[in-house]
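Just so it is clear, the model here is predicted, and its values are computed rather than measured. Throughout, a chain's letter reflects where its sequence line sits, starting with A, and its residues are numbered from 1.
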Amino acid sequence: MRIGVLALQGAFIEHIHILRGLGVEAVEVRLPEHLDRLDGLIIPGGESTTIGKLAVQYGLLEPIRDMASAGKAIWGTCAGLILLARKLSGPRGKGADPPLLELMDITVARNAFGRQVDSFEVDLAIPALDAVSSPAEAGRPFHAVFIRAPRIEVVGPEIEVLARLDEGPVVAARQDHLLTTAFHPELTTDTRFHRYFLALAG
Amino acid sequence: MEKETGTETVKRGLAQMLKGGVIMDVTNAEQARIAEEAGACAVMALERVPADIRAQGGVARMAAPEKILEIMEAVTIPVMAKCRIGHFVEAQVLEALGVDFIDESEVLTPADEEHHVDKHAFKVPFVCGCRNLGEALRRIGEGAAMIRTKGEAGTGNVVEAVRHARAVLGEIRRLTTMAPEELMSYAKEIGAPYELVCEVAKLGRLPVVNFAAGGIATPADAALMMQLGMDGVFVGSGIFKSADPARRAKAIVEAVTHYNDPMIIAEVSKGLGEAMPGLEIAAIPTEERLAVRGW
């Protein structure tokens, strides 16, 4: 299996290390030709405006949409979640909005939990991960790191909600082969989300 | 588990999200919007850019709160601000204003000639400058969540940034080849906490993100720092002291992403107009050099 990680800006190397640790071929994607022969793509955390602008500048949005139409798995973490969304909510008119891939039927609020001093870690119950859990991992909460994180405010009918924060806002979701998390599994040593994604890609 | 804020993981984690990006010095909302539009991954809110601090002399302090708030209001990307070395009350004020990162910076006039801020006492993450591995590890020991080389700010001359990057990365390479029994005397020699020396020897890198700063003025300067092995770059005076800030800012962002692709660096380097005027380091009197501030 060959997975690309969008390497325009942000925490891409962390994803690559985890993928390689799982025995998967992982490649950095900066130009459209790097998308060739991939089984899946991860859009990492970073600054969504920066990643979005560079993706437009180097002609990556359309080829990524084509990958999605071809049924390839795509996973966005944090900034990647924003880019996968169909719509942004929240206070507008401040600063620049990133361009969106508009692939998932979700409406997303950026920086939804406040500024950096409000960034947090918390344990989440994510029953869907049981499908890829070893007996020792089964039922264990997932330790989630939220950094200036977005959250999903509205979900469409095709969306499966994977996790909520305090039974409130949606922070992980799936639409067929598209996956999204508001937090950063790549900043932990728990590889269950990566294995869940690889199952979607395989 | 209850929600936890201000942890080492979330502090260092924000720095991880900035990697592969360009952090730009800005002095007002208009410049902040230009930086965001160009693709900056964060901005540094300042009263004056280092080149002007250098030219005007006098005591350089934390920027006025209304200036920082104006910039925070203008953009959605993270906003950093500088406090003086050792001035923990300026740091408290910056945290109260809600800035996303504090730079305890030698570019401002130091407030304490022996001690840096105890950065563990804050929820907001700190970035600190260094010239060598010992200085980097002392700052991390005090709680810095991110490190940058000092360079020589406000000169448009990359030579000091290169010197400091090579010093840190070279010392790390040397450290990884040492026998375990050599680590304690090495820690003593460079004045660094022993536990951090052991951690670096094991990891083969700093335990936090490491950016280049000080004197970066062109896309090629930025890509040079990336190829040397830095995680990203700060550009201070280099953008808004140049002829066409919007275009140069965008070019430096693209050069950092495509730092290994000389064709792209060549392409984005075309038609940028004049870079900021440069300063020869030897022409700066020793007492006016900023990089030597910090202990």
Asks: May I ask you to name which of A/L54, A/D166, A/L124 has the most heavy-atom pairs under 4.5 Å with chain B?
Replies: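 With the most close heavy-atom pairs to chain B, the winner is A/L54.
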
Asks: Do B/V127 and B/F211 come close enough that some side-chain heavy atom pair is under 4.5 Å?
Replies: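 Counting from C-beta outward, B/V127 and B/F211 never come under 4.5 Å.
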
Asks: How about A/E160: does its CD atom have over 12 heavy atoms from other parts shown lying under 6.0 Å from it?
Replies: yes

Asks: Of all of A/L165, A/D118, A/L187, A/I13, which one pairs up most often with chain B through heavy atoms under 4.5 Å apart?
Replies: A/L187

Asks: Ignoring hydrogens and angles, tell me if any N or O in the side chain of A/Q175 forms a donor-acceptor pair with the backbone of A/D105 under 3.5 Å.
Replies: yes

Asks: Which one of B/T9, B/V99, B/D100, B/I77 has the most heavy-atom pairs closer than 4.5 Å to chain A?
Replies: B/D100

Asks: Does any backbone or side-chain atom of A/A7 lie under 4.5 Å from a heavy atom of chain B? Answer side chain, backbone, both or neither.
Replies: backbone

Asks: Do you know which of B/K11, B/Q16, B/R12 has the most heavy-atom pairs under 4.5 Å to chain A?
Replies: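 Highest number of pairs under 4.5 Å: B/Q16.
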
Asks: What residue, out of B/C41, B/G232, B/G20, B/A38, has the most heavy-atom pairs lying under 4.5 Å from chain A?
Replies: B/C41

Asks: Which atoms of A/R148 are under 4.5 Å from chain B, going by heavy atoms: the side chain, the backbone, both sets, or neither?
Replies: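 Just the side chain, heavy atoms under 4.5 Å.
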
Asks: Report which part of B/A40 has an atom under 4.5 Å of a heavy atom belonging to chain A: side chain, backbone, both, or neither.
Replies: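 Interface part for B/A40: backbone (N, CA, C, O).
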
Asks: Sort A/Y58 into side chain, backbone, both or neither according to what part of it lies under 4.5 angstrom from a heavy atom of chain B.
Replies: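 Side chain only.
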
Asks: For A/Q57, is the CD atom crowded, meaning more than 12 foreign heavy atoms sit under 6.0 Å from it?
Replies: yes

Asks: What part of B/V22 lies closer than 4.5 angstrom to a heavy atom of chain A: side chain, backbone, both or neither?
Replies: neither

Asks: Quick check on B/D261 against chain A: is it the side chain, the backbone, both or neither that has a heavy atom closer than 4.5 Å?
Replies: side chain

Asks: Is the shortest distance from a Lys or Arg side-chain nitrogen in A/R195 or A/E137 to a carboxylate oxygen in the other one below 4.0 Å?
Replies: yes

Asks: Among A/L8, A/V145, A/T49, which residue has the highest count of heavy-atom pairs closer than 4.5 Å to chain B?
Replies: A/L8

Asks: Suppose we call two aromatic rings close when their centres sit under 6.0 Å apart. Are A/F183 and A/F193 close by that rule?
Replies: yes

Asks: Report the relative orientation of the aromatic rings in A/W75 and A/F197; use parallel for angles under 30°, tilted for 30 to 60°, perpendicular for over 60°.
Replies: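 Ring orientation, 0 to 90° scale: tilted.
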
Asks: Can you classify the ring geometry of A/F120 versus A/F113 as parallel (below 30°), tilted (30 to 60°) or perpendicular (above 60°)?
Replies: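 The rings of A/F120 and A/F113 stand perpendicular, inter-plane angle above 60°.
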
